[in-house]
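A note on names: the letters A, B, ... follow the listed sequences, proteins ahead of strands, and every chain is numbered from 1.
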Amino acid sequence: MTQVDVSPPTDFIREIIEDNFKTNKYGGRVATRFPPEPNGYLHIGHAKSVCLNFGIASQYGATCNLRLDDTDPSGESLEYVESIIHDIRWLGFDWEDRLFYASDYFEQLYQFAVQLIKAGKAYVCSLSADEIREYRGTLTEPGRESPYRKRSVDENLDLFTRMRAGEFEDGTHVLRAKINMTSPNIVMRDPVIYRIKRAPHYRTDIQWVIYPMYDFAHCLSDSIERITHSICTLEFENNRPLYDWIVAQLIADDRPQQIEFARLNLSYTILSKRKLIELVEERYITGWDDPRMPTIAGMRRRGYTPEAIRNFCAKIGVAKKENLVDISLLEYCVREDLNERAPRTMGVLRPLRVVIDNYPEGLTEEFECANHPQNPAMGKRMVPFSKVLYIERDDFDENPPNKYKRLGPMREVRLRNSYIIQYQSMVKDEQTGEVVELHCTYNPQTRNGPPSDGRKVEGVIHWVSANHSVPAEVRLYDRLFIIPDPASVEDDVTKYLNPGSLETLASCYVEVSLAHATPGSRYQFERLGYFCVDSKDSLPDKLVFNRIVSLRDSWGKIAGQGKG
RNA sequence: UGGGGUGUCGUCAAGCGGUAAGACACAGGCCUUUGGAGCCUGCAUUCGGAGGUUCGAAUCCUCCCACCCCAGCCA
């Protein structure tokens with residue numbers, strides 16, 4: 001299978017790395033890391049960062065560590081760690097034996113803090129949280145120095161030791177870096193670097209009651225791991241001076257450099273962990289792996305491939321500009337990949353019964369069908385044909401609109417991989433007027449070609465033999481939100497959830513070859529889209545398919561409204 | 001009104017002083033037993049705006065404008 005071309009992407013980060021090679025910074029060494037906090041599932045935005053960090057590592061023959069940034073016990077859990085590990089592996093990346101946890105560094109980090117105190121660069125502040133906020137000043141007014149700022153090194157050491165020993169309640173003391181309360185950058189106004197938090201940590205349990213803050217832990221974790229390029233998102237730009245300050249106090253050489261890039265925003269969805277958690281907890285969707293979710297788990301269950309996601313990440317590029325990537329690009333990448341690898345099959349989602357009047361009663365023919373018309377290597381399968389069939393309701397119209405190429409009164413149409421049939425009559429429900437059955441005739445000569453008189457039959461529709469197909473449930477998914485940029489709404493974003501994001505069709509029929517389709521396997525239902533056997537709900541005797549993505553539908557555009 | 005960033009096609013995004021890549025989307029057309037796939041064509045005289053430097057500027061300078069981030073003991 002020819003791999004989608006992913007020519008080595010070039011971006012400003014790789015430029016920096018290559019500049020570093022020229023100046024011999026880090027001695028030609030490159031080391032990156034992907035540092036998620038285990039307080040939620042990874043989503044497509046994380047995938048961008050994963051691809052960036054691991055991609056750079058493999059491109060330069062370097063390493064990328066996986067580091068769980070678990071410095072705040074509230075909200076972090078093993079479940080999230082496991083999901084993160086699983087998702088990154090599934091995406092196709094490997095960190096070998098370099099799985100690290102910030103919590104593994106707690107002792108070292110503590111010692112670094114002691115070092116800072118001894119250097120007179122940190123102090124224990126006993127102001128309340130509210131007071132610290134007041135002293136911090138505002139965006140336009142400078143802050144004021146804490147009355148505790150002048151504590152002696154010995155007193156600070158004593159207090160910090162006792163903080164660790166658990167002598168104090170939450171919030172009574174913090175350790176602060178002594179930098180500059182009048183800095184125009186608020187981050188530099190004596191930032192808190194340690195807080196007391198009597199909460200059990202999912203890994204260290206109750207061993208610690210003080211935890212380092214991100215700004216302190218992250219740069220030093222990077223240093224401990226000898227990371228060279230610490231890539232993070234734009235909102236940390238203000239924190240970079242602090243990153244550099246801490247590292248400058250404590251690390252002798254090969255100090256890591258932080259580089260910020262713009263996080264991914266995807267249209268019609270939301271990539272804020274906080275909001276995603278809300279969707280899960282408030283049950284707006286079924287869980288982190290709901291196929292409508294932009295999470296890796298959700299996309300995996302939906303049927304997206306790692307290749308498609310990686311290719312998407314390569315296509316969107318890396319820059320510093322805030323962006324809103326059109327979700328149609330993701331869908332394009334999914335189709336591009338699935339078009340190559342998904343075997344073709346036939347399935348009827350909204351069945352309409354068709355009786356072939358002149359077809360022998362009780363006869364069953366087996367037609368050999370290509371699994372992939374453009375790729376003979378994918379082989380063939382047998383598809384049974386008989387007198388009673390199901391076709392898609394959409395493929396018959398009592399009053400065909402202009403340009404409609406499918407079946408209608410007095411029309412004929414090609415059954416995909418089979419005969420041309422001709423309309424004879426229809427049966428309607430007396431109550432509703434709904435068409436419930438069609439009667440057609442077939443032309444036995446047209447199995448493998450056009451009618452003998454050379455008539456051209458344009459329409460081709462898919463079908464399934466009523467007695468030889470298997471019932472299935474099909475879940476049709478659509479974008480999660482009805483507005484292009486749900487992330488930008490001020491009020492309750494759940495108001496903009498797409499009520500039609502899931503449509504369940506319980507009475508579908510798929511061809512017999514699918515009877516033993518295994519969970520997670522993907523197929524194209526010809527003319528409809530790509531479908532994946534649901535890995536959670538599908539059973540051998542009750543198949544459930546997720547629609548991964550529809551096929552491009554140029555008729556839907558002409559008709560004005562694409563239907564499932 | 002402080003500081004830090006960013007502004008190139010509808011959406012991403014190249015471009016790094018020599019006269020606007022590419023992709024998605026969109027619009028036409030060809031082909032077709034998937035209205036799929038594939039193929040072809042079109043799609044920024046202009047780079048947030050205004051000045052300036054230069055033979056030449058999206059790229060350099062000046063001023064202006066817009067948007068994003070920062071006042072968690074979150075990350």
Side-chain angles (χ1 to χ4, degrees), chain A residues 7 9-11 15 35-37 39 69 71-72 74-75 125 127-129 132-134 136-143 170-176 183-189 191-197 210-211 213-215 217-218 232-241 260 262 264 267 273-274 315-333 335-336 339-340 344 346 372-374 403-406 413-420 446 448-450 457-462 484 524-529 550-559:
Chain A
S7 49
T10 174
D11 54 67
E15 275 177 22
E37 181 187 11
N39 67 347
D69 203 354
T71 58
D72 178 2
S74 53
C125 181
L127 252 22
S128 70
I132 285 182
R133 190 177 313 118
E134 281 173 37
R136 187 152 37 218
T138 68
L139 294 178
T140 52
E141 302 157 19
D170 287 14
T172 53
H173 308 277
V174 292
L175 185 70
R176 292 227 251 169
S183 170
N185 181 354
I186 293 184
V187 171
M188 298 298 274
R189 320 237 261 232
V192 172
I193 56 178
Y194 261 93
R195 77 286 213 180
I196 301 170
K197 201 162 207 164
I210 59 172
Y211 294 94
M213 298 288 289
Y214 166 84
D215 287 306
H218 201 91
C232 65
T233 45
L234 250 28
E235 67 270 25
F236 291 102
E237 225 151 12
N238 297 318
N239 300 54
R240 190 170 66 226
E260 312 85 9
L264 169 69
S267 66
K273 220 190 253 179
R274 212 208 101 248
K315 277 188 155 67
I316 57 178
V318 178
K320 296 194 73 159
K321 192 183 65 149
E322 298 281 357
N323 58 75
L324 181 61
V325 175
D326 194 330
I327 197 164
S328 65
L329 179 61
L330 213 209
E331 294 169 343
Y332 168 84
C333 291
R335 288 191 189 103
E336 185 183 45
N339 176 47
E340 278 189 11
R344 265 93 276 216
M346 290 193 284
H372 191 126
Q374 279 73 44
K403 291 185 177 171
Y404 189 80
K405 298 201 300 199
R406 285 109 96 147
V413 76
R414 158 80 61 186
L415 292 178
R416 175 71 170 155
N417 291 129
S418 174
Y419 303 107
I420 287 174
T446 56
N448 285 309
V457 176
E458 258 203 300
V460 179
I461 67 173
H462 56 96
Q524 182 190 103
F525 290 180
E526 287 199 67
R527 302 211 309 134
L528 296 176
S550 67
L551 252 28
R552 275 186 61 221
D553 181 13
S554 48
W555 167 247
K557 279 175 196 164
I558 297 169

Participant: Report which part of the nucleic acid A:Leu234 touches: base, sugar-phosphate, or nothing (heavy-atom distance under 4.0 Å, all strands).
Facilitator: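 Counting heavy atoms under 4.0 Å across all strands, no contact is made by A:Leu234.
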Participant: What nucleic acid atoms does A:Ser128 come within less than 4.0 Å of, heavy atoms only: base, sugar-phosphate, or nothing?
Facilitator: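 A:Ser128: base contact, heavy atoms under 4.0 Å.
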Participant: B:G36 P sits how many Å from A:His372 NE2, rounded?
Facilitator: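 Spelled out: NE2 on A:His372 to P on B:G36 is 15 Å.
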Participant: Check whether A:Asn238 reaches the backbone of A:Phe236 with its side chain - one donor and one acceptor, N or O, closer than 3.5 Å.
Facilitator: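 Judged by distance alone, no pair lies under 3.5 Å.
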Participant: Can you tell me how far P of B:A75 sits from CD1 of A:Ile193, to the nearest Å?
Facilitator: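 Answer to the nearest Å: 13 Å.
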Participant: Can you tell me which nucleotide in B:G3, B:A75, B:G2 comes closest to the side chain of A:Asp69?
Facilitator: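 The answer is B:A75.
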Participant: Quick check for you: among B:C24, B:A75, B:C73, whose closest atom lies nearest to any side-chain atom of A:Ser328?
Facilitator: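 Of the options given, the side chain of A:Ser328 lies nearest B:C24.
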Participant: Which nucleotide in the list B:U34, B:U6, B:A13 gets nearest to the side chain of A:Arg344?
Facilitator: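 Looking only at heavy atoms from C-beta outward on A:Arg344, the closest nucleotide is B:U34.
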Participant: State whether the aromatic ring of A:Tyr214 stacks on the base of B:A75, taking stacking to mean ring centres under 5.5 Å apart and ring planes under 30° to each other.
Facilitator: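 It does not: the two rings, one from A:Tyr214 and one from B:A75, miss the stacking criterion.
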Participant: Would you confirm whether A:Ser267, through its side chain, and A:Ile327, through its main-chain N or O, come within 3.5 Å as a donor-acceptor pair?
Facilitator: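 Judged by distance alone, yes, a pair lies under 3.5 Å.
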Participant: Rounded to whole angstrom units, what separation is found between the CG atom of A:Leu329 and the C1' atom of B:C26?
Facilitator: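 Atom-to-atom, A:Leu329 to B:C26, this comes out as 15 Å.
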Participant: Counting the atoms with a prime plus P, OP1 and OP2 as sugar-phosphate, which does A:Thr138 contact under 4.0 Å by heavy atoms, base, sugar-phosphate, or nothing?
Facilitator: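 It contacts base atoms.
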Participant: Give the minimum heavy-atom separation between A:Tyr332 and A:Lys315, together with the two atoms involved.
Facilitator: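 Closest approach of A:Tyr332 to A:Lys315, heavy atoms only: CE2-CE, 4.0 Å.
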Participant: Can you measure A:Asp11 atom CG to B:G15 atom C1' for me and round it to whole angstrom units?
Facilitator: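 Roughly 14 Å, once rounded to whole Å.
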Participant: For B:C30, what is the paired nucleotide under Watson-Crick or G-U wobble rules, both distances under 3.5 Å?
Facilitator: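 B:C30 is paired, partner B:G38.
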Participant: With a 4.0 Å limit, can you tell me whether A:Thr71 has a side-chain N or O closer than that to the phosphate oxygens OP1/OP2 of B:A75?
Facilitator: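 Checking B:A75 against A:Thr71, a side-chain N or O does come within under 4.0 Å of OP1 or OP2.
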Participant: Is A:Thr138 reaching over with its side chain to a backbone N or O of A:Glu141, donor-acceptor style, under 3.5 angstrom?
Facilitator: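 Yes, the answer is positive, given that a donor and an acceptor are paired below the 3.5 Å cut-off.
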Participant: OP1 or OP2 of B:C26 sitting under 4.0 Å from any side-chain N/O of A:Lys557?
Facilitator: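 A:Lys557 to B:C26 OP1/OP2: side-chain N or O found under 4.0 Å.
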Participant: With a non-hydrogen cut-off below 4.0 angstrom, is A:Tyr419 in contact with a base, only sugar-phosphate, or nothing?
Facilitator: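 A:Tyr419: no heavy atom of the nucleic acid under 4.0 Å.
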Participant: Indicate, yes or no, whether a donor-acceptor pair under 3.5 Å links the base of B:G35 to the side chain of A:Arg406.
Facilitator: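 Indeed there is one.
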Participant: Looking across every strand, which nucleic acid part, if any, lies under 4.0 Å from A:Lys273 by heavy atom: base, sugar-phosphate, or nothing?
Facilitator: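 Counting heavy atoms under 4.0 Å across all strands, no contact is made by A:Lys273.
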Participant: Within the structure shown, what part of the strands sits under 4.0 Å from A:Arg136 by heavy-atom distance: base, sugar-phosphate, or nothing?
Facilitator: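 If one applies the 4.0 Å heavy-atom cut-off, A:Arg136 turns out to touch the sugar-phosphate alone, with no base involved.
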Participant: Tell me what A:Gln524 touches on the nucleic acid: a base, only sugar-phosphate, or nothing, going by heavy atoms under 4.0 Å.
Facilitator: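 A:Gln524: base contact, heavy atoms under 4.0 Å.
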Participant: Establish whether the base of B:G36 is bridged to the side chain of A:Gln374 by a donor-acceptor pair shorter than 3.5 Å.
Facilitator: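 Side chain to base: pair found, below 3.5 Å.
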Participant: A:Lys321 side chain: which of B:C70, B:C12, B:G36 is closest?
Facilitator: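 Selected nucleotide (nearest to the side chain): B:C12.
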Participant: Looking at every strand, decide which applies to A:Arg335 at a 4.0 Å heavy-atom threshold: base, sugar-phosphate, or nothing.
Facilitator: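 Here A:Arg335 touches no strand at all.
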Participant: Closest heavy-atom contact between A:Val413 and A:Gly459?
Facilitator: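 Where A:Val413 meets A:Gly459 most closely, the heavy atoms are CG2-O, 3.4 Å.
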Participant: Establish, with yes or no, whether the OP1 or OP2 oxygen of B:A71 is under 4.0 angstrom from a side-chain nitrogen or oxygen of A:Arg189.
Facilitator: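 False: A:Arg189 side-chain N/O out of range (4.0 Å or more) of B:A71 OP1/OP2.
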Participant: Does A:Asn185 make a side-chain donor-acceptor contact with the base of B:C70, cut-off 3.5 Å?
Facilitator: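 No.
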Participant: Do A:Lys197 and A:Asp72 sit within salt-bridge range, that is, some charged N less than 4.0 Å from a carboxylate O?
Facilitator: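 Looking at A:Lys197 and A:Asp72, the cut-off is met.
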Participant: May I ask you to decide whether A:Arg414 forms a salt bridge with A:Glu458, counting only side-chain N to carboxylate O separations under 4.0 Å?
Facilitator: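 The answer is no: the pair does not qualify as a salt bridge.
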Participant: Between A:Arg240 and A:Asn323, which residue's closest nucleotide on RNA chain B lies nearer the 5′ terminus?
Facilitator: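 Looking at RNA chain B, the more 5' nearest nucleotide goes with A:Arg240.
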Participant: Report yes if a donor N or O on one partner sits less than 3.5 Å from an acceptor N or O on the other, where the partners are the side chain of A:Glu237 and the base of B:C68; otherwise report no.
Facilitator: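 Checked by distance alone, the answer is no.
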Participant: Under a 3.5 Å cut-off for both contacts, is B:U45 paired Watson-Crick or G-U wobble with anything, and if yes, with which nucleotide?
Facilitator: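 Here B:U45 is not engaged in any pair, so there is no nucleotide opposite it.
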Participant: Within the 4.0 Å heavy-atom criterion, would you say A:Val325 contacts the bases, only the backbone, or no part of the nucleic acid?
Facilitator: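 Sugar-phosphate only.
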Participant: So which nucleotide does B:A50 pair with, by the Watson-Crick or G-U wobble rule with both distances under 3.5 Å?
Facilitator: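 Partner of B:A50: B:U62.
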Participant: Can you tell me how far C1' of B:A71 sits from CG of A:Leu127, to the nearest Å?
Facilitator: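 Value for this atom pair: 15 Å.
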Participant: NA contact type, A:Val413, heavy-atom cut-off 4.0 Å: base, sugar-phosphate, or nothing?
Facilitator: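 Here A:Val413 touches no strand at all.
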Participant: Out of B:G35, B:A71, B:G4, which nucleotide sits closest to the side chain of A:Ser554?
Facilitator: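 From the listed options, B:G35 comes nearest.
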Participant: If you check every side-chain atom of A:Asp553, which of B:C69, B:G35, B:C73 has the closest atom?
Facilitator: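 Within the option list, the nearest is B:G35.
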Participant: Within the structure shown, what part of the strands sits under 4.0 Å from A:Lys405 by heavy-atom distance: base, sugar-phosphate, or nothing?
Facilitator: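 Base contact - A:Lys405 has a heavy atom under 4.0 Å of at least one base atom.
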Participant: Would the distance check show the side chain of A:Arg335 and the main-chain N or O of A:Ser550 forming a donor-acceptor pair, the cut-off being under 3.5 Å?
Facilitator: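 Yes, the answer is positive, given that a donor and an acceptor are paired below the 3.5 Å cut-off.
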Participant: Pick the nucleotide of RNA chain B nearest each of A:Asn417 and A:Ile316; which residue has the one closer to the 5' end?
Facilitator: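 Checking each residue's closest nucleotide, the 5'-ward one belongs to A:Ile316.
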Participant: Could you tell me whether A:Ile420 contacts a base, only the sugar-phosphate backbone, or nothing, with contacts defined as non-hydrogen atoms closer than 4.0 Å?
Facilitator: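 Answer is nothing: A:Ile420 stays at 4.0 Å or more from every strand.
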Participant: Of all the nucleotides listed (B:U34, B:A75, B:A23), which has the minimum atom distance to the side chain of A:Arg195?
Facilitator: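 For the A:Arg195 side chain, the nearest candidate turns out to be B:A75.
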Participant: Can you tell me if the side-chain N/O atoms of A:Thr140 get under 4.0 Å from OP1 or OP2 in B:G3?
Facilitator: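 Negative; the distance criterion is not met.
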Participant: Quick check for you: among B:C69, B:A37, B:C24, whose closest atom lies nearest to any side-chain atom of A:Glu235?
Facilitator: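 Within the option list, the nearest is B:C69.
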Participant: In this structure, how many angstroms lie between the C1' atom of B:C12 and the CD atom of A:Glu331, rounded?
Facilitator: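 Going from CD in A:Glu331 over to C1' in B:C12 covers 15 Å.
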Participant: Could you please name the option among B:G36, B:C70, B:G15 that lies closest to any side-chain atom of A:Glu15?
Facilitator: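 The listed nucleotide nearest to A:Glu15's side chain is B:G15.
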Participant: Nearest to the side chain of A:Met213 - B:G35, B:A75, B:G3?
Facilitator: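 The nucleotide sitting nearest to the side chain is B:A75.
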Participant: Touch check for A:Asp72, heavy atoms < 4.0 angstrom, all strands: base, sugar-phosphate only, or nothing?
Facilitator: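 Sugar-phosphate: the residue A:Asp72, judged by heavy atoms under 4.0 Å, touches backbone atoms but no base.
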Participant: Have a look at A:Gly75 and say if it touches a base, only the backbone sugar-phosphate, or nothing, with a 4.0 Å heavy-atom cut-off.
Facilitator: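 Nothing: the residue A:Gly75, judged by heavy atoms under 4.0 Å, touches no strand.
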Participant: Does any donor atom in the side chain of A:Asn185 or A:Ser183 lie under 3.5 Å from an acceptor atom in the other side chain?
Facilitator: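 Not at all, the side chains of A:Asn185 and A:Ser183 share no donor-acceptor pair under 3.5 Å.
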Participant: When syn is taken as a glycosidic angle within 90 degrees of 0, is B:G48 syn or anti?
Facilitator: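 Base orientation: anti.
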